[in-house]
Amino acid sequence: MAKIISGCAKHLGIEDSKNEAVSFNDSQFISDWAKEYVNKCASIGIMVGDSDGAFRPLANATRAEATVVIKRVFI
């Protein structure tokens with residue numbers, strides 16, 4: 001989901017001005033190929049993870065989570 005959303009953000013001109021690395025409690029479970037996209041989405045505030053600081057890359061996104069992400073990009 002992070003790869004798709006970061007592509008949409010780039011297409012819409014939403015760029016990461018900070019260019020900072022973002023760390024989650026479970027960052028070790030994020031695939032190497034996905035880290036760039038997760039970092040971009042997190043650094044611009046589209047995906048912020050759970051309240052306990054976890055991204056949960058192996059979990060399925062709920063409808064509510066997907067709705068929030070889409071809203072943050074398009075609205």
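Given the structure is predicted, the values throughout are model-derived calculations rather than measurements.
Evaluation of the salt bridge (Lys or Arg N to Asp or Glu O under 4.0 Å) test over residues 58-73, restricted to residues two or more places apart or in two chains, returns none. Counting only residues at least two apart or on different chains, the salt bridge (Lys or Arg N to Asp or Glu O under 4.0 Å) pairs with a member in residues 28-37 are Asp32-Lys35.
Taking CD1 from Ile5 and CD1 from Ile70, the interatomic distance works out to 6.0 Å, rounded to the nearest 0.5 Å.
Within the hydrophobic cluster formed by Ile, Leu, Val, Met, Phe, Trp and Tyr side chains joined at under 4.5 Å, directly or through other members, Tyr37 is accompanied by Trp33.
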Could you pull out all donor-acceptor pairs under 3.5 Å where a side-chain atom in residues 44-60 meets a protein atom, sequence neighbours excluded?
from  : atom 1 : to    : atom 2 : distance (Å)
Asp50 : OD2    : Arg56 : NE     : 2.5
Asp50 : OD2    : Arg56 : NH2    : 3.4
Asp52 : OD1    : Ala54 : N      : 3.3
Asp52 : OD2    : Arg56 : NH2    : 2.9

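Cluster membership check: Val69 shares its hydrophobic cluster with Leu12, using side-chain heavy-atom separations under 4.5 Å among Ile, Leu, Val, Met, Phe, Trp and Tyr.
With respect to Ser6, the side chain to side chain contact (heavy atoms under 4.5 Å, CB included) criterion is satisfied by exactly one of Met1, His11, Lys40: Lys40.
Of the possible polar contacts, none joining the Ser27 side chain to the Ser23 backbone as a donor-acceptor pair under 3.5 Å is found.
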